[in-house]
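Some notes on the structure that comes next.
Proteins come first, then strands; the chains are lettered A, B, ... in the order of their sequence lines, and each starts at number 1. Heavy-atom basis, side chains included; hydrogens, waters and symmetry copies ignored.
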Amino acid sequence: MNARAGEWQDEAPAPVLVRLPPHLVVLFPGAERLVALPAASVAEMVDRLDALWPGMRERLCDETPAIRRHINVFVEGRRARLSTPLDPGADVFVITAISGG
Amino acid sequence: MARQVFLLVGTRKGAFLAESDAARRSWALRGPFCETWPTNHVVADPASGTLYAGGGNEWFGPAVWKSTDLGASWTHSSQGLAYEGGEAPVKAVWSLAVAGDGTLYAGVEPAGLFRSTDGGESWTHLDGLQKHPTRPEWHPGGAGLILHSLVLDPADPNKLWVGISAAGVFASEDGGLTWEPRNRGTRADFMPEGQNYPEFGQCVHCLVMAPGGRGRLYQQNHCGMYRSDDGGHSWQSIERGLPSSFGFPAAVHPRDPDGLYLIPLNGDIKGRFMPEGNAAVWRTGDAGASWRAQRAGLPQGGAYFNVLRQAMATDTLEPAGVYFGSNAGGLYASADEGETWDCIAPHLPTITSVETLVLER
């Protein structure tokens with residue numbers, strides 16, 4: 001029982017499906033618009049993205065720390081924060097706000 | 001040896017490069033670079049030819065871009081370019097400066113100073129300005145609380161000066177650890193009567209150091225033009241003979257400490273245009289005792305543009321080249337110390353900065 005529980009904890013969280021905005025993808029050679037990665041929260045998702053493409057965390061989050069003011073993360077259609085949990089297979093959209101000028 | 005001359009141009013929509021030879025008669029324009037990010041300042045390390053572009057994107061925050069192949073390819077980083085958790089986030093990089101040993105400095109909004117010793121890959125906050133006892137009393141100008149002027153002493157790496165809108169000029173003699181305000185003699189017309197010469201709070205627009213290493217500085221202020229002969233400890237007005245006391249950029253002659261170029265506008269509440277719609281660069285050759293307008297080749301009549309803080313520069317050739325870029329997107333060049341001018345790129349985005357790089361090849 002204990003061994004099985006430990007084994008389960010060692011496994012990565014179930015993958016979620018993340019869609020990245022084109023303006024972000026062009027900043028990181030090799031980055032893709034659609035990424036499947038294991039994450040149990042939005043904060044963990046950002047960690048995984050930053051591990052794949054170093055520097056992406058600074059583009060998505062400020063030092064508050066929080067998701068940047070003009071970046072919106074939607075989980076299952078609802079606006080999320082760094083602390084928002086992610087269910088297995090969750091659909092995540094990272095979207096840039098409309099900008100003038 | 002052949003000489004290559006580069007103009008490094010920051011704009012609201014990315015960085016551009018213009019390239020010429022020593023004659024500086026024709027220019028080849030390349031860009032936009034940096035994925036059209038709002039780019040506030042583009043500078044070069046003259047020793048290595050490495051280019052750095054600082055800016056901030058509305059979505060993604062601040063970054064410094066870097067090119068080691070004269071603009072062909074660029075990388076970007078903002079690792080460490082952040083305040084302590086919980087503080088107002090860094091919005092954008094506004095100014096860059098490269099020291100003789102390659103150390104890179106970045107001034108940001110809200111006003112603060114960062115240093116990189118690995119060519120812009122990672123950044124360390126020099127928190128002396130944030131911790132300055134006057135800091136809680138700094139109030140932003142209309143454009144924000146911005147560290148836009150960075151002056152390094154070529155002879156002493158511990159000496160730095162910064163210009164902050166609207167906190168004034170501050171100087172450090174210990175490499176940026178501690179700072180003191182140096183605004184004695186500069187006016188703050190926007191303060192209540194009787195409080196027009198405060199210790200800090202002046203709206204400096206541009207701070208530059210004269211060549212020759214004698215501690216001479218010039219500044220274009222919201223309220224006047226000034227010269228200091230003692231490293232900013234005291235300032236004297238040099239605005240007599242100019243059409244107004246208001247303007248944004250300043251540029252020094254590369255070899256003559258008495259030579260300065262300014263672009264006075266029609267005043268701070270009259271639209272901040274070229275006076276009478278006639279474009280002119282004003283030059284002194286006697287440290288500000290007298291001034292002369294240089295207009296040949298510049299638009300006369302109907303020129304309702306301005307020139308922003310970091311958008312004028314000189315090169316190191318003989319005779320010196322002088323360059324400026326307007327908020328209306330016109331890039332102007334003179335190869336004869338400002339006597340005659342050409343518009344070498346008429347329709348760029350709003351130009352935020354102009355710097356030069358001369359390479360011997």
Side-chain angles (χ1 to χ4, degrees), chain A residues 18-35 37 41-75 79-84 92-101, chain B residues 11-14 32-40 53-66 72-93 106 108-110 112 114 116 118 120-125 127 130 327 329 349-350 352:
Chain A
V18 186
R19 290 165 179 83
L20 299 177
H23 298 96
L24 178 68
V25 166
V26 295
L27 298 176
F28 296 92
E32 292 160 358
R33 294 289 308 280
L34 188 60
V35 192
L37 49 74
S41 68
V42 172
E44 227 177 283
M45 178 197 86
V46 172
D47 287 347
R48 298 276 182 174
L49 289 170
D50 193 65
L52 285 169
W53 299 294
M56 199 174 273
R57 183 203 315 279
E58 279 80 19
R59 297 287 168 260
L60 296 176
C61 300
D62 64 30
E63 56 262 52
T64 315
I67 296 164
R68 286 193 180 281
R69 198 168 149 234
H70 294 139
I71 300 286
N72 293 318
V73 175
F74 283 85
V75 175
R79 189 173 292 187
R81 301 148 61 112
L82 283 173
S83 58
T84 301
V92 184
F93 285 81
V94 179
I95 291 171
T96 50
I98 291 169
S99 163
Chain B
T11 81
R12 281 288 301 159
K13 304 282 183 182
F33 302 117
C34 310
E35 295 294 343
T36 71
W37 273 40
T39 305
N40 289 318
N57 177 284
E58 274 79 4
W59 299 310
F60 302 124
V64 174
W65 295 72
K66 175 182 183 177
S73 65
W74 294 80
T75 57
H76 55 96
S77 179
S78 54
Q79 191 189 328
L81 207 53
Y83 290 138
E84 295 283 314
E87 291 187 35
V90 174
K91 193 171 169 188
V93 174
V108 305
E109 177 194 7
F114 290 80
S116 173
D118 58 7
E121 298 300 321
S122 65
W123 297 87
T124 304
H125 182 207
D127 64 1
Q130 296 279 305
N327 70 319
T350 292
T352 50

Review point. Taking all non-hydrogen atoms of both residues, which atom of E58(B) and which atom of H70(A) are closest, and how far apart?
Key: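 Shortest heavy-atom contact: O-ND1, 3.2 Å.
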
Considering residues, nucleotides and ligands other than [X], do more than 12 of their heavy atoms fall under 6.0 Å from its [atom1]?
X	atom1	result
K91(B)	NZ	no
R57(A)	CZ	yes
R19(A)	CZ	yes

Exercise for review: Keeping the roles fixed (side chain from H76(B), backbone from L27(A)), state whether a donor-acceptor pair exists under 3.5 Å.
Suggested key: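 The answer is yes, because a donor-acceptor pair under 3.5 Å joins these two groups.
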
Practice item. Look at the side chain of E87(B) and the backbone N and O of T64(A), then say whether any donor-acceptor pair between them is shorter than 3.5 Å. Key: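 Judged by distance alone, no pair lies under 3.5 Å.
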
Check your understanding: To the nearest 0.5 Å, what is the distance between CD (Q79(B)) and CD (E58(A))?
Key ->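 It comes to 6.5 Å.
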
Point to revise | From CG (L24(A)) to CG (N57(B)), nearest 0.5 Å | key: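 Between L24(A) CG and N57(B) CG, I get 10.0 Å after rounding to 0.5 Å.
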
Review point. Considering only heavy atoms, which portion of S78(B) lies under 4.5 Å from any heavy atom of chain A: side chain, backbone, both, or neither?
Key: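 Answer is both: backbone and side chain atoms of S78(B) are under 4.5 Å from chain A.
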
Review point. Is it the side chain or the backbone of P62(B) that comes within 4.5 Å of chain A heavy atoms, both, or neither?
Key: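 Both backbone and side chain.
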
Point to revise | Heavy-atom pairs under 4.5 Å with chain B, option from R68(A), R69(A), R59(A) with the top count | key: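 Looking at each of R68(A), R69(A), R59(A) in turn, R59(A) comes out on top.
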
Check your understanding: Can you tell which of W74(B), Y83(B), W59(B) has the highest number of heavy-atom pairs within less than 4.5 Å of chain A?
Key ->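 Among the listed options, the one with the most contacts to chain A is W59(B).
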
Review point. Heavy-atom distance under 4.5 Å between the side chains of F60(B) and H23(A), does that happen here?
Key: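 Yes, their side chains come closer than 4.5 Å.
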
